[in-house]
Amino acid sequence: MSETISGREGLLSKAFVGLADALIDDYDIVDLLNQLVGHCGTLFSVDAVGILLADSQGFLQVVASSDEDVSQMELLQLQADDGPCVECVRTSSPVAVPDLAEMDHRWPALTEAMRTRRLYRAVYAVPLRLRGTAIGAMNLFRWAPGALPDDDLALAQALADVATVAILQERAVRRGEVLIEQLQTALNSRVIIEQAKGVLAQHGGLTMSAAFERLRSHSRNRNQRISEVARRIVEGDLELSALDAPRTG
């Protein structure tokens with residue numbers, strides 16, 4: 001990575017402070033997790049990041065991803081109900097796969113899909129867990145095979161741990177409330193965001209990734225929740241031509 005040590009430490013501090021702020025202030029889970037995805041993509045030598053969360057029925061759903069290739073990779077695992085990301089949640093333990101091509105014996109369907117489609121070769125999954133129970137996983141992907149440093153994996157797990165507390169809210173957990181309703185709200189918001197991306201993509205001739213960047217840029221520039229902006233787009237309450245293009249400077 002191109003970051004200097006001091007620069008990387010600054011980014012890491014910013015990531016932890018942002019997650020900690022969620023513990024004492026109002027926040028949007030989907031926006032929080034998308035920020036986490038962005039931080040991890042910058043901090044670690046990976047090409048993409050995605051996050052899975054369990055819904056109210058215990059089924060895993062893609063709730064945040066850096067691009068559409070991540071969503072495809074994770075959906076393949078969800079459909080097969082197997083793979084490194086699914087196993088990470090099932091075992092509440094990290095799963096490291098430096099080269100997916102060597103995992104024929106473990107995940108034959110996924111490795112076959114990797115060979116026939118444009119999929120990532122290396123996968124590292126860390127659980128979003130509290131007291132031994134995983135509510136999801138944060139997944140780091142690389143196009144080329146190769147190992148991630150142990151220190152990077154430890155930092156990724158630390159970020160995932162803080163994000164978990166931010167989602168669940170520690171006081172509610174102590175009262176025995178797992179906040180399923182809040183998790184379901186996040187997943188519902190993701191559905192609205194996907195619908196809004198489709199509207200923007202069709203309207204502007206954009207890719208889904210570019211549409212998401214347009215949506216995120218507009219929400220951040222106006223200090224609005226991304227889920228609320230998405231809802232206004234889907235319901236036709238927001239003029240699409242008024243959306244901000246992502247800043248490139």
Side-chain angles (χ1 to χ4, degrees), residues 1-20 22 29 32-54 60 62-67 69-74 76-78 82-107 110-111 114 119-168:
M1 295 182 65
S2 60
E3 295 293 333
T4 64
I5 294 299
S6 60
R8 190 171 189 260
E9 289 177 349
L11 289 170
L12 187 59
S13 176
K14 182 179 178 180
F16 276 113
V17 168
L19 290 171
I29 292 178
L32 176 76
L33 295 182
N34 274 297
Q35 289 182 44
L36 177 59
V37 163
H39 287 313
C40 289
T42 304
L43 284 166
F44 307 123
S45 297
V46 298
D47 297 302
V49 184
I51 294 177
L52 299 173
L53 279 183
L60 291 173
V62 179
V63 72
S65 59
S66 58
D67 58 47
D69 292 317
V70 169
S71 295
Q72 180 187 21
M73 184 78 167
E74 293 186 328
L76 282 170
Q77 296 180 68
L78 296 179
D82 207 1
C85 305
V86 173
E87 182 174 310
C88 175
V89 179
R90 186 175 293 146
T91 63
S92 297
S93 300
V95 176
V97 185
D99 190 354
L100 191 59
E102 298 177 354
M103 294 290 115
D104 275 324
H105 62 288
R106 195 167 177 181
W107 303 300
L110 187 60
T111 53
M114 181 206 68
L119 295 179
Y120 300 101
R121 284 284 297 274
V123 185
Y124 296 86
V126 295
L128 275 68
R129 65 187 176 191
L130 189 67
R131 299 174 184 171
T133 300
I135 62 168
M138 183 170 72
N139 311 303
L140 313 176
F141 300 93
R142 299 178 66 177
W143 288 117
L148 281 181
D150 290 341
D151 287 347
D152 280 3
L153 292 175
L155 283 176
Q157 184 64 72
L159 286 166
D161 290 343
V162 177
T164 303
V165 176
I167 293 170
L168 295 177

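One is the number of the first residue; the rest follow in order along the sequence.
- E87 places no side-chain N or O within donor-acceptor distance of the main-chain N or O of D82, the cut-off being under 3.5 Å.
- With values rounded to the nearest 0.5 angstrom, R131 atom CZ is found 14.0 Å from S92 atom OG.
- In this structure, the side chains of V123 and M114 stay at 4.5 Å or more apart for every pair of heavy atoms.
- Under the 4.5 Å side-chain criterion, counting only non-hydrogen atoms from C-beta, W107 is in contact with V97.
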field: Candidate pair L155 and L43, rule side chain to side chain contact (heavy atoms under 4.5 Å, CB included), full reasoning
entry: CA-CA 9 Å; L155 283 176; L43 284 166; over 6 Å; no
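- In this structure, P127 and P94 have side chains that are in contact, with non-hydrogen atoms separated by less than 4.5 Å.
- For the pair V126 and L153, the tightest heavy-atom approach, listed with the atom from each and the gap, is CG1-O, 4.3 Å.
- For the atom pair L100 CG and L119 CG, the distance stands at 8.5 Å (nearest 0.5 Å).
- Counting only heavy atoms from C-beta outward, the side chains of V46 and C40 never approach each other to under 4.5 Å.
- For the atom pair Q77 CD and L52 CG, the distance stands at 7.5 Å (nearest 0.5 Å).
- Using a distance-only test at 3.5 Å, with no hydrogens or angles considered, no donor-acceptor pair links the side chain of S66 to the main chain of A48.
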- request: Assess whether side chain to side chain contact (heavy atoms under 4.5 Å, CB included) is satisfied between M103 and L110, documenting all intermediate values.
  value: CA-CA 9 Å; M103 294 290 115; L110 187 60; over 6 Å; no
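- Here the closest non-hydrogen pair linking A101 and D104 is O-OD2, 3.9 Å.
- The two residues A163 and L36 come nearest to each other via the heavy atoms CB-CD2, 3.7 Å.
- No donor-acceptor distance shorter than 3.5 angstrom exists from the side chain of N139 to the backbone of C85, with no hydrogens or angles considered.
- Residue D161 holds its CG atom at 8.0 Å from CG of L128, rounded to the nearest 0.5 Å.
- Closest non-hydrogen pair, G50 versus V70, comes out as CA-CG1, 3.7 Å.
- Looking at every heavy atom in both residues, V37 comes nearest to S65 through CG1-C, 4.1 Å.
- Between I135 atom CD1 and T164 atom OG1 the span is 5.0 Å, to the nearest 0.5 Å.
- Residues Y124 and P98 meet the side-chain proximity criterion, which asks for heavy atoms closer than 4.5 Å.
- Judged purely by atom type and a 3.5 angstrom limit, R142 uses its side chain to pair as donor or acceptor with the backbone of A147.
- Of the inter-residue distances, the one linking H39 atom NE2 with N34 atom CG reads 11.0 Å to the nearest 0.5 angstrom.
- The two residues L33 and I51 make their nearest non-hydrogen contact at O-CD1, 3.8 Å.
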